[in-house]
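One structure is given below, encoded as structure tokens.
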Amino acid sequence: MSVYILVVDDEPDVEALFRQQFRRDLKSGRFTMEFAPSAPDALLRAADIKDPSLILILSDINMPGMSGLEMLPRVRAERPDVPVIMITAYGDAETRRKAIERGAVGLLTKPIDFALLRQEIDIRLGQAA
């Protein structure tokens with residue numbers, strides 16, 4: 001079974017950064033990363049991956065159109081089985097509160113601590129096994 005992580009961010013360099021940080025995992029097939037450039041696109045992709053192989057959604061908060069915080073309750077309603085971690089440049093208490101209230105399991109601040117993110121992914125992989 002392929003295991004998917006969906007990364008939602010409107011910045012084009014994010015995909016290259018994530019692919020570089022997780023190149024060994026991706027090359028070995030430990031998991032697959034899908035990328036969505038917007039919240040509406042992410043909602044479609046989350047709905048398309050129907051089986052339980054979608055194990056985690058990582059979403060930026062500040063995006064044009066629909067923000068990550070606006071997307072969060074919609075994706076949680078569609079996929080309550082999939083944890084969502086929000087990513088933001090502004091990790092203030094109010095942003096954290098809003099994210100948790102809307103269903104996020106966590107909040108990472110930019111620049112992303114990839115060692116911490118790897119631990120989160122390892123937890124999700126262990127739960128999916």
Side-chain angles (χ1 to χ4, degrees):
M1 172 175 89
S2 293
V3 177
Y4 292 89
I5 296 168
L6 178 59
V7 180
V8 188
D9 200 307
D10 62 306
E11 294 179 30
D13 59 334
V14 166
E15 181 173 350
L17 176 64
F18 274 77
R19 288 196 184 283
Q20 199 276 328
Q21 287 291 327
F22 295 104
R23 68 185 175 279
R24 287 189 187 103
D25 298 291
L26 297 172
K27 188 173 183 177
S28 72
R30 189 166 180 242
F31 55 82
T32 301
M33 285 190 150
E34 293 276 327
F35 295 86
S38 68
D41 192 33
L43 291 169
L44 291 172
R45 290 191 188 192
D48 284 346
I49 303 172
K50 282 293 184 196
D51 61 31
S53 63
L54 180 61
I55 62 163
L56 182 63
I57 297 173
L58 303 167
S59 178
D60 190 21
I61 289 179
N62 294 317
M63 295 182 285
M66 182 189 299
S67 75
L69 288 176
E70 292 168 325
M71 176 197 74
L72 188 52
R74 293 178 62 183
V75 79
R76 296 294 298 143
E78 176 77 27
R79 297 298 306 264
D81 58 313
V82 181
V84 180
I85 296 175
M86 303 306 290
I87 301 170
T88 184
Y90 313 101
D92 59 275
E94 181 65 12
T95 301
R96 184 174 301 278
R97 183 189 63 76
K98 284 180 183 176
I100 300 302
E101 279 180 359
R102 294 178 188 190
V105 298
L107 183 82
L108 295 175
T109 55
K110 293 179 182 179
I112 296 170
D113 179 343
F114 281 99
L116 182 63
L117 179 53
R118 183 172 295 284
Q119 290 174 350
E120 284 287 340
I121 290 171
D122 288 344
I123 290 167
R124 307 299 167 214
L125 287 169
Q127 291 170 346

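What you see below is based on every heavy atom in this structure, not just the backbone, and it leaves out hydrogens, waters and symmetry mates.
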Is there a path of hydrophobic side-chain contacts, each under 4.5 Å between heavy atoms of I, L, V, M, F, W or Y residues, that connects [X] with [Y]?
X	Y	result
Phe35	Phe114	yes
Ile57	Ile112	no
Val82	Leu58	no
Ile55	Leu108	yes
Val75	Val3	no

Taking it one step at a time, do Leu56 and Ile85 satisfy side chain to side chain contact (heavy atoms under 4.5 Å, CB included)?
CA-CA 8 Å; Leu56 182 63; Ile85 296 175; 3.9 Å; yes
message = When you compare the side chain of Val14 with that of Val7, does any pair of heavy atoms fall below 4.5 Å?
response = yes
*Hey, are the side chains of Phe18 and Leu117 touching, using non-hydrogen atoms and a 4.5 Å cut-off?*
yes
Give a yes or no on this: more than 12 heavy atoms of other residues, nucleotides or ligands lie within 6.0 Å of atom CZ of Arg74.
no
May I ask you to decide whether [X] forms a salt bridge with [Y], counting only side-chain N to carboxylate O separations under 4.0 Å?
X	Y	value
Lys98	Glu101	no
Lys110	Glu11	yes
Asp25	Arg19	no

Distance-minimising heavy-atom pair for [X] and [Y]:
X	Y	answer
Arg45	Ala36	NH1-N, 4.0 Å
Met63	Asp9	SD-CA, 4.1 Å
Gly103	Arg76	O-NE, 3.3 Å
Asp10	Asn62	OD1-O, 3.6 Å
Ala42	Val8	CB-CG2, 3.4 Å
Ala104	Leu72	N-CD2, 3.6 Å

Find the distance between [atom1] ([X]) and [atom2] ([Y]) and round it off to the nearest 0.5 Å.
X	Y	atom1	atom2	value
Arg97	Leu107	CZ	CG	12.5 Å
Tyr90	Thr109	OH	OG1	12.5 Å
Asp81	Glu78	CG	CD	9.5 Å

Does the pair Met33 and Tyr4 meet the rule for a side chain to side chain contact (heavy atoms under 4.5 Å, CB included), with working shown? CA-CA 6 Å; Met33 285 190 150; Tyr4 292 89; over 6 Å; no
Main-chain N/O of [Y] paired with [X] side-chain donor or acceptor, under 3.5 Å:
X	Y	value
Thr88	Gly91	no
Glu70	Ser67	yes
Arg124	Leu54	no
Ser28	Arg24	yes

Apply side chain to side chain contact (heavy atoms under 4.5 Å, CB included) to residues Ile61 and Ile87 and explain how you reach the verdict.
CA-CA 6 Å; Ile61 289 179; Ile87 301 170; over 6 Å; no
Using salt bridge (Lys or Arg N to Asp or Glu O under 4.0 Å), reason through Arg30 and Asp122 one step at a time and then give a plain yes or no. CA-CA 10 Å; Arg30 189 166 180 242; Asp122 288 344; 2.6 Å; yes
Exercise for the section: Apply the test side-chain hydrogen bond (donor to acceptor under 3.5 Å, both in side chains) to residues Ser38 and Asp41: give CA-CA distance (whole Å), side-chain angles for both, the deciding distance (0.1 Å), then the verdict. Expected result: CA-CA 5 Å; Ser38 68; Asp41 192 33; 5.1 Å; no
Determine, stepwise, if the pair Leu43 / Met71 fulfils side chain to side chain contact (heavy atoms under 4.5 Å, CB included). CA-CA 8 Å; Leu43 291 169; Met71 176 197 74; 3.9 Å; yes
